[in-house]
Amino acid sequence: MSGNKQDEDPRINGIKTKIRVVPDFPKKGIMFQDITTVLLDPKAFKDTIDLFVERYRDKNISVVAGIEARGFIFGPPIALAIGAKFVPLRKPKKLPGETIFEEYELEYGNDRLEMHVGAVEAGDRALVVDDLIATGGTLCAAINLLERVGAEVVECACVIELPELKGRQRLKGKPLCMLVEYR
Amino acid sequence: MQSIICSHHLCLAPPPTVLCNRLLCHRVPSIRLTNHRSATTSLRLFTCAAASKKSEIMAAAKEDGQDPRIPKIASSIRVIPDFPKPGIMFQDITTLLLDTEAFKDTIDIFVERYKGKGISVVAGVEARGFIFGPPIALAIGAKFVPMRKPKKLPGKVISEEYSLEYGTDKIEMHVGAVEPGERAIIIDDLIATGGTLAAAIRLLERVGVKIVECACVIELPELKGREKLGDAPLFILVTSDAA
């Protein structure tokens, strides 16, 4: 599943064909990977979740952390199926309780990812979920947040990877599982 | 103080006479009982069997109508005072998501209600609607349609404006996500003033979709959001004070 082409699950092609590529969004030159069209196909959406659930159900994962906002779409169904808590990782000022934050770089400037204090405990085994990995900056911030509170990040899971942006190398040595590559 | 819940059966068509065997009935505005909140001074559970068949009402009355999953769901929600500003009691569902049983039960209650009712669209309002909507959609075999703040959706969109306390905001949906004649439910974590949900209803109705129901985990009834939803029924699990 993680880019291992020779044993690609037959469901993956069905998912890949449902992803809509929108040119020049949010700005010129970017080929935006739109997963909303996958969500419109109940089978493709179900297959996406099933592929991750099959991978993680026997790995004793206690936390699925999803990155706002599209990580909120894929994370909770996985969490529910494997019996893990779901922890939303959010942009600043959205979470109402006490939070910790991690800064990360954007093309211009910085942004922050926040997590509620107490959501994750030391010793929790965590999965980080987002729809896509590009540069890996957001995922790296997520890994940092989880590790700071003593959780073990087992893997990062994304539907899509943009391998040319080398995000995989920014994951502090954590493995990445993805379903579809876009070059 | 957090209070109750109402779980009852979803009828496909509005019944000609609706019999309600208890004090609370959240479903059909036309038969709303006044002063129902004065009855909710303690954490007792009511089941409103808004059913057209007498036999269904008898069954509900017999089991004493309490969905045993609801108290745990209600108690798993954390109330945070003075967020985002002084005077507001914020209903934090992130603690519900940390309780695997409560989260599963929440989804199960919605799924039991909507499965097999010909619903092909679950629309979820950004961002907390994205947490509850997809698991429901997956379980009932419907598509999930995210309704988003402006400029987030990459493709061609239609928008609907709605009022805020100061100014306006917009909610957007992709063109082509839904088709005329589809039957939809709209999901959000909470209904307060109802402005966002009302905008979501208008957006879907503009493209010919039938809103079967709006479903939220929490209602703040003092803010009368229900009144903004027009003919669309509202189903909720927990009610709470706004401030």
Side-chain angles (χ1 to χ4, degrees), chain A residues 20-26 30-50 62-64 66 68-91 93-99 115-116 118-121 124, chain B residues 78-84 88-108 111 120-122 124 126-149 151-157 173-174 176-179:
Chain A
R20 174 170 69 160
V21 181
V22 182
D24 302 322
F25 183 89
I30 305 229
M31 300 295 275
F32 190 90
Q33 306 291 312
D34 180 19
I35 49 86
T36 66
T37 40
V38 176
L39 311 176
L40 296 180
D41 181 331
K43 180 180 188 312
F45 188 17
K46 180 181 186 302
D47 285 346
T48 304
I49 300 301
D50 285 350
S62 53
V63 170
V64 173
E68 166 164 24
R70 290 182 290 263
F72 289 8
I73 295 173
F74 297 98
I78 297 169
L80 285 160
I82 67 175
K85 333 182 241 198
F86 178 70
V87 174
L89 302 182
R90 299 208 68 173
K91 302 270 189 229
K93 303 201 183 90
K94 303 289 185 81
L95 291 170
E98 200 194 340
T99 55
M115 179 172 77
H116 267 147
V120 174
E121 292 164 2
D124 267 328
Chain B
R78 173 170 69 159
V79 181
I80 304 222
D82 302 323
F83 184 91
I88 305 235
M89 301 293 277
F90 190 90
Q91 306 289 318
D92 179 20
I93 50 87
T94 67
T95 43
L96 185 164
L97 308 175
L98 296 178
D99 181 332
T100 51
E101 196 186 327
F103 187 19
K104 180 183 185 303
D105 287 347
T106 302
I107 299 301
D108 284 350
V111 169
S120 56
V121 174
V122 174
E126 166 164 20
R128 290 183 288 264
F130 288 9
I131 296 174
F132 296 97
I136 298 168
L138 285 159
I140 70 174
K143 32 186 173 175
F144 178 70
V145 176
M147 308 195 81
R148 299 209 68 172
K149 302 269 190 233
K151 303 205 183 89
K152 302 292 186 80
L153 292 170
K156 190 156 173 239
V157 296
M173 177 172 75
H174 268 147
V178 296
E179 287 165 17

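Numbered from 1 within each chain, the chains take letters A, B, ... in sequence-line order. Here the structure is a predicted model, which is why all the values come from computation and not from measurement.
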Examine whether an atom of [X] lies under 4.5 Å from a heavy atom of chain A, and if so say whether it belongs to the side chain, the backbone or both; otherwise answer neither.
X	answer
F103(B)	both
P146(B)	side chain
I80(B)	side chain

When the side chains of residues 132-144 of chain B are checked against the rest of the protein, which donor-acceptor pairs come out under 3.5 Å, sequence neighbours left out?
from    : atom 1 : to      : atom 2 : distance (Å)
K143(B) : NZ     : A177(B) : O      : 2.9
K143(B) : NZ     : E182(B) : OE2    : 2.7

Give, for atom [atom1] of [X] and atom [atom2] of [Y], the distance between the pair rounded to the nearest 0.5 Å.
X	Y	atom1	atom2	answer
M115(A)	T94(B)	CE	OG1	11.5 Å
R128(B)	K94(A)	CZ	NZ	8.5 Å
R148(B)	R70(A)	CZ	CZ	5.5 Å
L153(B)	F25(A)	CG	CZ	7.5 Å
D92(B)	H116(A)	CG	NE2	4.5 Å

Is the shortest heavy-atom distance from the side chain of L40(A) to the side chain of V145(B) under 4.5 Å?
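They are in contact (side-chain heavy atoms under 4.5 Å apart), so the answer is yes.
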Find out whether V87(A) and L98(B) are in side-chain contact, i.e. whether some heavy atom of one side chain is under 4.5 Å from a heavy atom of the other.
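A side-chain contact exists here, since the closest heavy-atom pair is under 4.5 Å.
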Greatest number of heavy atom pairs closer than 4.5 Å to chain A - which of K104(B), H174(B), E101(B)
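Top count of heavy-atom pairs under 4.5 Å with chain A: H174(B).
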Selection from V178(B), L97(B), V121(B) maximising heavy-atom pairs under 4.5 Å formed with chain A
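Most pairs with chain A among the choices: L97(B).
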Non-neighbouring partners of K93(A) that pass side chain to side chain contact (heavy atoms under 4.5 Å, CB included), sequence neighbours left out:
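K93(A) satisfies side chain to side chain contact (heavy atoms under 4.5 Å, CB included) with no other residue.
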Nearest heavy-atom pair of F72(A) and A127(B): which atoms, and what distance?
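Heavy atoms of F72(A) and A127(B) come nearest at CD2-O, 3.6 Å.
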Is it the backbone or the side chain of [X] that comes under 4.5 Å from a heavy atom of chain B, or both, or neither?
X	value
L95(A)	both
F86(A)	both
P96(A)	both

